[in-house]
Amino acid sequence: QVQLVESGGGLVQAGGSLRLSCAASGRTFRSYAMGWFRQAPGKEREFVAAISRTGRMTYYSDSVKGRFTIARDNAKNTVYLQMNSLKPEDTAVYYCAASRYGSQLPREYEYWGQGTQVTVSS
């Protein structure tokens, strides 16, 4: 069992930055690939970024590539999402999730956090 708790969301102006954190419980954090997803009102949950168990491999959606950076610290059981050059269309609830195998598909993730709201004003 892995429990995930996100933090770091908030209100920011367009062009600004935020860093999301996701703290994981348990000793098996390094056994999981981690992902960030987001869901805006009325839209499906969409993939944002993912990172391999060791942190050597990272993946991004086209919409955030070059602006967002995913990283993990296995010693701290934490995964991060640094978000720069934020746009109003980045407004959503952001979720972190854990997967044994890693994927861009939400259904491949076993554990989910409760989400943190990110609002970007124009």
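For the numbers below, each heavy atom of this structure counts, side chains included, while hydrogens, waters and symmetry mates do not. Residue numbers count from 1 along this sequence.
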(message) Using 30° and 60° as the class boundaries, would you call the ring planes of Trp112 and Tyr95 parallel, tilted or perpendicular?
(response)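 Judged by the thresholds at 30° and 60°, the geometry between Trp112 and Tyr95 is perpendicular.
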(request) Please work out which of the three classes, parallel, tilted or perpendicular, describes the rings of Tyr32 and Tyr111, given edges at 30° and 60°. (result)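 Correct class here is perpendicular.
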How far does [atom1] of [X] sit from [atom2] of [Y], to the nearest 0.5 angstrom?
{"X": "Phe68", "Y": "Ser63", "atom1": "CZ", "atom2": "OG", "result": "7.5 Å"}
{"X": "Thr78", "Y": "Met34", "atom1": "OG1", "atom2": "CE", "result": "9.0 Å"}
{"X": "Ile51", "Y": "Cys96", "atom1": "CD1", "atom2": "SG", "result": "12.5 Å"}

Report yes if some heavy atom in the side chain of [X] is under 4.5 Å from a heavy atom in the side chain of [Y]; otherwise report no.
{"X": "Leu81", "Y": "Val48", "result": "yes"}
{"X": "Arg38", "Y": "Glu46", "result": "yes"}
{"X": "Arg67", "Y": "Met83", "result": "no"}
{"X": "Arg53", "Y": "Arg30", "result": "no"}
{"X": "Val118", "Y": "Leu18", "result": "yes"}
{"X": "Ser17", "Y": "Gln82", "result": "yes"}

(message) Under a 4.0 Å threshold between the charged nitrogen and the carboxylate oxygen, would Lys87 count as salt-bridged to Asp90?
(response)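 Not counted as a salt bridge, because no side-chain N and carboxylate O are separated by less than 4.0 Å.
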Of the non-hydrogen atoms in [X] and [Y], which two are nearest, and what is the gap between them?
{"X": "Ser103", "Y": "Tyr109", "value": "O-OH, 2.5 Å"}
{"X": "Ser52", "Y": "Arg72", "value": "O-NH1, 2.8 Å"}
{"X": "Val79", "Y": "Phe29", "value": "N-CZ, 4.1 Å"}

(request) Say whether, by atom type as modelled, one donor and one acceptor occur between the side chain of Glu6 and the main chain of Cys22 under 3.5 angstrom. (result)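 Here the side-chain-to-backbone pair does not exist.
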(request) Step through the shown structure and confirm whether more than 12 heavy atoms of other residues, nucleotides or ligands are within 6.0 Å of CD on Gln114. (result)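 It does: Gln114 CD has more than 12 such atoms within range.
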(request) Assert yes or no for the condition that the ring centre distance of Tyr60 to Phe47 is strictly below 6.0 Å. (result)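 No: the rings miss the under 6.0 Å criterion.
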(message) Assess the residue pair Glu89 and Ser122 against the criterion (side chain to side chain contact (heavy atoms under 4.5 Å, CB included)); give the C-alpha distance rounded to whole Å, side-chain angles, the decisive distance to 0.1 Å, and a yes or no.
(response) CA-CA 10 Å; Glu89 51 263 44; Ser122 57; over 6 Å; no
(request) Walk me through it: do Asp73 and Tyr80 pass the test side chain to side chain contact (heavy atoms under 4.5 Å, CB included)? (result) CA-CA 8 Å; Asp73 185 337; Tyr80 305 96; 4.2 Å; yes
